[in-house]
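Here is the structure we will look at, set down as structure tokens.
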Amino acid sequence: MDERAFILETRLMHASPVGTVWTGAAVWFLCYGVFLACAAWSAVPLVAGLDDEIGLSDDAWTALCMSLLWWSILSFGEYARRGGLADAVALQSAGVPVDTGELKTLAEGPSRAARRRAAAFGAVGTFVGLVFFAMNYHPESHLLDPSAMTATNVWFLVMTMTLFMALFRRLSFLREDTAAFIRDGGAGMKIDLLDISKLDGFGRIALRGAVPWLVTGTLVLLMLLGRQTTELFVALIVLLVASAIVVFAWPMMRIHRLIADTKAAELARVRQDLAEVRRRFETGGAEAERVGGRLAALLSLETRIAQAREWPLDVPTAARFMLFLGIPLASWAGAGFVNIALEVLIA
């Protein structure tokens with residue numbers, strides 16, 4: 001029997017009595033609070049001035065963004081799981097085939113094999129985090145030499161390694177979950193061109209799945225403020241954005257092709273019947289009277305099919321997607337607000 005269980009992050013969200021958003025916020029405050037304690041112990045400045053401007057120091061700003069990454073991973077990850085489960089159940093109730101294993105994963109947790117794979121990915125991520133820390137911070141203030149590390153050095157090292165571990169574990173599940181929904185798209189699905197809205201759940205699932213990666217990429221982008229070494233961060237941002245694109249675009253393109261192929265086949269069939277009925281109608285007389293009603297019906301059906309949308313994406317879902325695309329802009333604006341607030345408080 002394949003034992004299923006939720007990963008630690010999901011179990012934490014289930015055990016919390018305050019909901020996904022506030023649980024993620026609590027972890028954010030806890031992580032940043034530990035950093036502030038380490039900064040006080042190591043006498044690391046939290047505020048820096050440059051060209052008569054006052055803002056958070058590089059350490060304080062990077063730590064803030066890293067703490068927010070846990071909020072993104074926990075809160076948005078659980079948001080995507082719960083919403084995906086609700087939409088998958090709704091799709092199944094509407095007669096749309098949904099992989100049973102994927103439903104169990106959303107409702108009961110990943111299988112033992114999937115968890116083992118994720119653990120292996122996590123181990124690789126931990127090592128990548130160690131390398132990332134050493135290459136990005138060495139040989140400046142964050143030395144990898146244990147004998148020279150301060151409390152803040154240790155905080156950055158632990159946070160970098162654990163964040164990479166969590167992201168790589170998510171990458172493992174991302175591959176499996178996305179592939180499951182791709183398989184579902186071709187498994188006996190019957191497309192009703194007169195009611196495409198039954199498939200909108202696929203669009204919502206894809207969008208929710210992309211949101212955590214998009215938000216995480218935005219937070220990593222914010223880390224670039226004031227940093228001189230950007231190559232590694234750019235590579236990480238590209239990885240996160242690519243993950244968001246895969247989660248959203250791959251299933252959407254699959255369903256789009258199915259709808260488009262069905263639409264083309266239906267239009268060809270209706271137009272073939274329409275040509276035959278039209279030929280009979282144009283003969284006039286009693287035959288024209290007999291087929292007149294069918295001709296009108298076929299013309300109406302052709303119009304309905306031709307106007308049927310080819311994407312499983314309703315207007316509210318599309319609007320939310322456009323809103324999420326504005327997250328980077330809002331984040332940069334928020335960063336500027338933090339610096340302005342500091343200048344007002346310190347002036």
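Computed over heavy atoms, backbone and side chain alike; hydrogens, waters and symmetry mates excluded. Keep in mind it's a predicted model, so treat the numbers as computed, not measured.
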Polar side chain donor-acceptor pair, S72 to T216, under 3.5 angstrom:
yes
Could you pull out the closest heavy-atom pair between A210 and F248, with the gap in Å?
CB-CB, 3.9 Å
M165 and V220: same hydrophobic cluster, using ILVMFWY side-chain contacts below 4.5 Å?
no
Sidechain-backbone polar pair: R4 side chain, E108 backbone, donor-acceptor under 3.5 Å
no
Ring pair (Phe, Tyr, Trp, His ring centres under 6.0 Å), that's the test. Do F133 and F156 meet it? Break it down for me.
CA-CA 8 Å; F133 177 89; F156 278 109; 7.4 Å; no
Check: S243 side chain, L239 main-chain N or O, donor-acceptor pair, under 3.5 Å:
yes
When every non-hydrogen atom of A206 is compared with those of M252, the smallest separation belongs to CB-CG, 4.0 Å
Check whether Y79 reaches the backbone of V21 with its side chain - one donor and one acceptor, N or O, closer than 3.5 Å.
no
Closest approach of G77 and P212, non-hydrogen atoms and distance?
N-CG, 4.0 Å
Any side-chain heavy-atom pair from R170 and F121 closer than 4.5 angstrom?
no
Do V215 and W22 belong together in a cluster built from hydrophobic side chains that touch within less than 4.5 Å?
no
Side chain proximity check, E9 to R169, heavy atoms < 4.5 angstrom
yes
Between S197 and R309, does the side-chain contact (heavy atoms from CB on, under 4.5 Å) criterion hold? Intermediate values first, please.
CA-CA 9 Å; S197 61; R309 55 188 170 93; 3.9 Å; yes
Considering non-hydrogen atoms only, spot the tightest contact between L193 and T262 and give its length.
CD1-O, 3.9 Å
Spacing of NE2 belonging to H14 relative to OG1 belonging to T10, to within rounding of 0.5 Å:
6.0 Å
So do K198 and L91 actually touch side chain to side chain, heavy atoms under 4.5 Å?
no
Can you tell me how far OG1 of T20 sits from CZ of R81, rounded to the nearest 0.5 angstrom?
10.5 Å
Side chains of F35 and D59 in contact at under 4.5 Å (non-hydrogen atoms)
yes
If Ile, Leu, Val, Met, Phe, Trp and Tyr residues are connected whenever their side-chain heavy atoms lie under 4.5 Å apart, and connections chain through other members, are W41 and W155 in the same group?
no
CA sep, side-chain torsions, deciding dist, call: L74, T23, side-chain contact (heavy atoms from CB on, under 4.5 Å):
CA-CA 8 Å; L74 292 172; T23 302; 5.6 Å; no
Look at R269 together with D273 and state whether they make a salt bridge at an N to O cut-off of under 4.0 Å.
yes
Show your reasoning for whether side-chain contact (heavy atoms from CB on, under 4.5 Å) applies to V247 and V211.
CA-CA 9 Å; V247 172; V211 167; over 6 Å; no
So L240 and L214, do their side chains get closer than 4.5 Å, heavy atoms only?
no
State whether a side-chain donor-acceptor pair under 3.5 Å links N153 with T150.
yes
Got a second to check how far L163's CG is from S67's OG, nearest 0.5 Å?
8.5 Å
Roughly how far, to the nearest 0.5 Å, is the CZ atom of R279 from the CG atom of L274?
12.5 Å
Greater than 12 external heavy atoms within 6.0 Å of R11's CZ:
yes
Examine distances only and state if a side-chain atom of K263 and a backbone atom of A306 form a donor-acceptor pair shorter than 3.5 Å.
yes
Where is the tightest heavy-atom contact between R115 and E3, given as atom of each residue plus distance?
NH1-O, 3.1 Å
I'd like to check F127 versus M161 (side-chain heavy atoms, cut-off strictly below 4.5 Å). Are they in contact?
no
Could you check whether atom CH2 of W28 has more than 12 heavy atoms from other residues, nucleotides or ligands sitting under 6.0 Å from it?
no
Does S300 reach the main-chain N or O of A297 with its side chain, forming a donor-acceptor pair under 3.5 Å?
no
Of all heavy-atom pairs between F173 and A118, which one has the smallest distance, and what is that distance?
CZ-CB, 3.4 Å
Is the side chain of S16 donor-acceptor paired with the backbone N or O of L12 at a distance under 3.5 Å, no angle test?
no
Common cluster, V89/F202, ILVMFWY with side-chain heavy-atom separation under 4.5 Å
yes
Supply the atom-to-atom distance L157 CG to L130 CG, rounded to the nearest 0.5 angstrom.
6.5 Å
Does M159 reach the side chain of W70, with side-chain heavy atoms less than 4.5 Å apart?
yes
Go through the steps to decide whether R278 and L298 satisfy the test side-chain contact (heavy atoms from CB on, under 4.5 Å), and finish with yes or no.
CA-CA 10 Å; R278 179 184 175 184; L298 285 173; over 6 Å; no
Beyond-backbone contact of T126 with T162, side-chain heavy atoms, under 4.5 angstrom
no
Please work out whether the ring planes of F76 and W71 are parallel, tilted or perpendicular, with thresholds of 30° and 60°.
perpendicular
Answer yes or no: is there a donor N or O on one side and an acceptor on the other, between the side chain of W311 and the main chain of D200, under 3.5 Å?
no
Tell me whether L258 shares a hydrophobic cluster with L267, the cluster being built from Ile, Leu, Val, Met, Phe, Trp, Tyr side chains joined at under 4.5 Å.
yes
In Å and rounded to the nearest 0.5 Å, what is the CZ to CD1 distance from R254 to I259?
11.5 Å
Do side-chain atoms of H256 reach the backbone of E310 as a donor and acceptor pair under 3.5 angstrom?
yes
